[in-house]
Amino acid sequence: FQEAERYEKELESARRFGVRKGFVSGFGFSMVYFMMFCVYGLAFYTGTLFVWNGELLPGEMVTAFFTVVFACFALGHASPSIQANAEARGAAVAIYNIIDHVPVI
C-alpha cells in the first residue's frame, strides 16, 4: 500500500512536468506558425503591390511565392539529416582517436 502511494506521488510530478512541457512546446509551435503566416501575408501583400503596379504578372508572383515556400520546406526537411551528420562527425573523432592510439604494450 505504501508503494502505491509513493508511485502515485511520482506520477503526479511526472504529470505536472508533462503539462508544463506540453504548454511550452505548444507555445513554441504557435510562434513558429504565427511567424510563418505573417511572412506569407507580407509576401502576398508585396506581390500584390508589384502586380498592381505592373512590375509582375500574377502568374510570376504566384510562381515566386511557391518557389520560396517549397525551398523553405526542403530546408526544414533536410535539417534532421544535417544534425545526424554533425553527430556522426563528432562520434568519428572519438573512434579515430581510439584507432590512432598507440598502445603502451
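Note: the hydrophobic cluster containing Phe70 also contains Tyr33 (ILVMFWY, side chain heavy atoms under 4.5 Å, direct or indirect links). Note on Val62 and Leu56: same hydrophobic cluster, where clusters join Ile, Leu, Val, Met, Phe, Trp and Tyr whose side-chain heavy atoms are under 4.5 Å apart, directly or indirectly. Residues Val69 and Met36 share a single hydrophobic cluster, defined by chaining ILVMFWY side chains whose heavy atoms lie under 4.5 Å apart.
Residues Val93 and Arg89 fail the side-chain proximity criterion, which asks for heavy atoms closer than 4.5 Å.
For Arg16, there are no salt bridge (Lys or Arg N to Asp or Glu O under 4.0 Å) partners, not counting sequence neighbours. In this structure Arg15 satisfies the side-chain contact (heavy atoms from CB on, under 4.5 Å) test together with Glu12, Val19, sequence neighbours excluded.
Going from atom OG1 of Thr67 over to atom CD of Glu60 covers 11.5 Å, rounded to the nearest 0.5 Å. Atom CG of Asp100 and atom CD1 of Ile95 lie 11.5 Å apart (nearest 0.5 Å).
Within a 6.0 Å sphere centred on CD of Glu5, heavy atoms belonging to other residues, nucleotides or ligands number more than 12.
Here the closest heavy-atom approach between residue Val51 and residue Met61 is recorded as CG2-CB, 4.0 Å.
Here the side chain of Thr63 pairs a donor or acceptor atom with the backbone of Gly59 at under 3.5 angstrom. Between the side chain of Ser30 and the backbone N or O of Phe27 there is at least one donor-acceptor pair closer than 3.5 Å.
Residue pairs meeting the ring pair (Phe, Tyr, Trp, His ring centres under 6.0 Å) criterion with at least one member in residues 39-62, sequence neighbours excluded, are Phe37-Tyr40, Tyr40-Phe65, Phe44-Phe65.
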